[in-house]
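Chain letters run A, B, ... following the sequence lines, proteins first and then strands; every chain starts at 1.
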Protein chains: 2
Amino acid sequence: MDGSGRQRPTMADVAEKAGVSRALVSIVFRNQPGASEETRRRVLRVADEIGYRPDSAARLLARGRSRTLGVMFTVHQTFHTDLIEGIYPEAERLGYDVLLSAASQGRSEAKAVEALLGHRCEALILLGPDAEPAYLDELGQRTVTVSVGRRVPRARVDFVHSAEGKGVRQAMDYLVELGHRRIVHIDGGRGPGSADRRRSYRAAMRRHGLDAEVRVIPGEHAEQSGIETGRLLLAERDRGRPLPTAVLAGNDRCAMGVLIAMTRAGVEVPRDLSVVGYDDSHLSHLMPIGLTTVRQDAGLMAEHAVRFAVERLENPGLEPREAVLDPKLVVRGTSGPPPVGAA
Amino acid sequence: MDGSGRQRPTMADVAEKAGVSRALVSIVFRNQPGASEETRRRVLRVADEIGYRPDSAARLLARGRSRTLGVMFTVHQTFHTDLIEGIYPEAERLGYDVLLSAASQGRSEAKAVEALLGHRCEALILLGPDAEPAYLDELGQRTVTVSVGRRVPRARVDFVHSAEGKGVRQAMDYLVELGHRRIVHIDGGRGPGSADRRRSYRAAMRRHGLDAEVRVIPGEHAEQSGIETGRLLLAERDRGRPLPTAVLAGNDRCAMGVLIAMTRAGVEVPRDLSVVGYDDSHLSHLMPIGLTTVRQDAGLMAEHAVRFAVERLENPGLEPREAVLDPKLVVRGTSGPPPVGAA
DNA sequence: TACTCCTACTAGAGCGCGCTAGTAGTGCGC
DNA sequence: GCGCACTACTAGCGCGCTCTAGTAGGAGTA
């Protein structure tokens, strides 16, 4: 007589109670023609009364298709939750269900993906996947797969990302115009978009005649990496090398780390140092002074990802595609002109 | 010949290729006794070769139980991702699968829960649910349900939370000891734990002889609420009423909002104003100066939630229980003594 | 030899649904 | 009176798996 003991009602229960066949109940619930208005209403009323709820496992098994999109994301990647928020409505609009699976410290991406496939997701949407290209290609061969943020060169995978180059260029032009010359870039390592961002940083420095100042510090897309880089720069300063006047971080989380390290050491942002992030994740607004960053439109990216997946599901001949969205520099409180005399 | 067109291999395929019966393959995959070592190896090898992957929909349908826990969370509640990270390993340890479903702006909690139930989750773990008690009770009657963070008075629901009272008391004692008297509390509205936190705030003020200073400002558990409260306090200051010397926010996100509003207006934290949050969400570390807050141990809470669910599933006679974990004040950079002469 | 007992395996029902093929019943034209 | 089209419904197979109730065959025992 407990919650778990009670049998969950099935279509047969509804059918019996409503005095019709199982098939008819099925028709009603699928909203298919073939039932009179009156019967329809009666069936729905009865179903509601006995608390019937269609069983997606059975439904899924019966029709070949599951109409379910599997989304893999990484816990703590704030930008991912922005994306998820955009995925649900678009999937619903197109009549698809969404299943979420998180990767984290103790749970590899492969494990998260495995769970999704086990639940018969027809397509995978991977948010900033960090796995090897070979693995992603294998997934792409097996299932419709969309990668958001990370380009997978020769894999059978759709790809949605923002034009990293344009974003970085905007940020760099902005900084240079303010008078910055010693602009350091913290690399995102294997993180999505990193290679492009790094390349564009180098190109921008060259274009502005700052070849001699180019400096890329290895890092990754996490706070810790920013903190470590901050410490490194501070240690160098103590040994006589001047601080850069601006830091272009690999993403917002990394920028956050730089801010933490610098502020703790008494370096004032943006007076002594400008810090620019990348993503415009939820996080960026939340700083008291606001993080200057490059905005990627999460809603639009989510929409594209879902659409790519669905279109390829419904039209299997389609080749994987790539969507490139234009990012936009958002100037907030962590950037300003360089300290006087630092040029 | 495309990813979505290919038929996914089934047990029958494995059985045929390995020259055994379907049942035997099933035995091997369930790791049950009844197959020789040699056959076991052969079956697994063949399965791997043809890329067989058990179908959880079918598996789920066939055995009565799904061994799946449904977790509802709210997008952007950073503390929830902390919890999720703790839920996975504990569930795995106990042999349960986890399904995630997110509520957000455009997706109600009921909808998120509906999706979970449709996928045959045996138990629900609701992270900081905001739904009406009546609805939660209804869920509790139907399914094993655990609420994390929010107490649901007379509902058939397990409950995991931290001892809000103790946490608030620690924070208040700390502030008073520093010399604060004008301590304002921003209420969490319908947010989980709010009622207890409000009550403890009042009690602490009384205990310290500060009855006359008691002030609870309505709010909720979001940045915006903190920003608005900040503006309110600033407007009052401009009309002659002094700022409080300390703010005890409803949670970290709200505290963040206060910081944003105050810093933008030139109020320096913690020199002019101390701000204390609640949750010790991921967020709190990420501020340059670190948010003083009350830590709830997310890992431990997650562990308890999973355990409650599983134990009640495997022992249907069990009554719903309550776990109260001790929170701990974490002093970081947003708190300090009140400005001189403000007493 | 005949019997039990054991291990290694198989047959086949059934989980809750979708869907195809079919059956009444009714109205309509000629 | 018959065929035909149309609506409202039903029978029953099959999705891929689990699980119960078996069977085949060999070892051990009296």
Side-chain angles (χ1 to χ4, degrees), chain A residues 4-44 46-47 50-68 95 97 117-122, chain B residues 4-44 46-47 50-68 95 97 117-122:
Chain A
S4 69
R6 227 168 296 116
Q7 274 308 327
R8 138 181 202 147
T10 75
M11 252 186 190
D13 299 327
V14 178
E16 190 186 359
K17 190 128 190 284
V20 295
S21 71
R22 255 185 350 90
L24 220 254
V25 178
S26 171
I27 285 173
V28 170
F29 268 86
R30 278 175 295 134
N31 226 349
Q32 294 279 48
S36 67
E37 248 334 293
E38 197 203 320
T39 315
R40 228 170 259 276
R41 266 197 299 276
R42 183 158 40 94
V43 165
L44 289 175
V46 168
I50 67 177
Y52 168 74
R53 197 185 300 277
D55 178 341
S56 27
R59 164 172 283 181
L60 209 134
L61 194 59
R63 61 179 175 207
R65 306 199 36 194
S66 71
R67 295 192 75 86
T68 298
D97 214 7
L117 289 177
H119 281 282
R120 269 187 165 241
C121 291
E122 294 186 335
Chain B
S4 69
R6 226 170 294 116
Q7 273 310 327
R8 151 182 191 141
T10 75
M11 249 184 194
D13 299 328
V14 179
E16 190 186 0
K17 191 127 189 283
V20 296
S21 70
R22 261 182 345 90
L24 219 253
V25 178
S26 172
I27 284 173
V28 170
F29 269 87
R30 279 176 295 135
N31 226 347
Q32 293 279 49
S36 68
E37 246 339 290
E38 195 202 322
T39 316
R40 227 171 260 276
R41 267 198 299 275
R42 182 158 41 93
V43 166
L44 288 175
V46 168
I50 66 176
Y52 168 74
R53 196 186 299 278
D55 178 341
S56 28
R59 162 173 285 181
L60 210 131
L61 192 61
R63 60 180 174 210
R65 306 201 35 194
S66 70
R67 295 192 76 86
T68 298
D97 214 6
L117 289 177
H119 282 283
R120 272 189 163 239
C121 291
E122 293 186 339

Grab the CD-P distance between A:Glu37 and D:dA8 for me, whole Å please. 10 Å
Indicate whether the side chain of A:His119 and that of B:Asp55 have a donor and an acceptor atom separated by less than 3.5 Å. no
Between atom CZ in B:Arg22 and atom P in D:dT20, what is the gap in whole Å? 15 Å
So how far is it from A:Met11 CE to A:Leu24 CG, rounded to the nearest 0.5 Å? 10.5 Å
Closest to side chain of A:Ile27, choosing from D:dT10, D:dG16, D:dT18: D:dT10
Which part of the nucleic acid, if any, lies within contact of B:Ser56, taking any heavy atom under 4.0 Å across all strands shown: a base, the sugar-phosphate backbone alone, or nothing? nothing
Proximal nucleotide (of D:dG12, D:dT18, D:dA8) relative to the A:Ser36 side chain: D:dA8
For a quick check under 3.5 Å, do A:Ser26 and A:Arg30 share a side-chain donor-acceptor pair by atom type? yes
Separation of atom CG in B:Asp55 from atom C1' in D:dG16, rounded to whole Å: 6 Å
Taken to the nearest whole Å, NE2/A:His119 to C1'/D:dG16 is 15 Å
Would you mind reading off the distance between B:Leu24 atom CG and D:dC19 atom P, rounded to a whole angstrom? 15 Å
Provide, to the nearest angstrom, the distance between the CG atom belonging to B:Asp13 and the C1' atom belonging to D:dG16. 10 Å
Whole-Å gap separating C1' (D:dC17) and CG (B:Leu60): 10 Å
How many whole angstroms separate atom CZ of B:Arg30 from atom C1' of D:dT20? 11 Å
Nearest atoms (heavy-atom pairs only) where A:Tyr52 meets A:Pro9: CD1-O, 3.4 Å
Distance under 4.0 Å to a non-hydrogen atom of chain B counts as contact; along DNA chain C, which nucleotides mark the start and end? C:dA8 to C:dG16
In terms of heavy-atom contacts, B:Gly34 and B:Ile27 come closest through C-CG2, 4.3 Å
Looking for any heavy atom pair under 4.0 Å, which part of the strands does B:Pro33 touch: base, sugar-phosphate only, or nothing? nothing
Other residues, nucleotides and ligands only: do more than 12 of their heavy atoms fall within 6.0 Å of CD on B:Gln32? yes
Checking all strands, does B:Arg120 fall into the base, sugar-phosphate, or nothing category for heavy-atom contacts under 4.0 angstrom? sugar-phosphate
Heavy atoms under 4.0 Å, any strand shown: does A:Ala35 hit a base, just sugar-phosphate, or nothing? sugar-phosphate
OP1 or OP2 of D:dG16 sitting under 4.0 Å from any side-chain N/O of B:Thr10? no
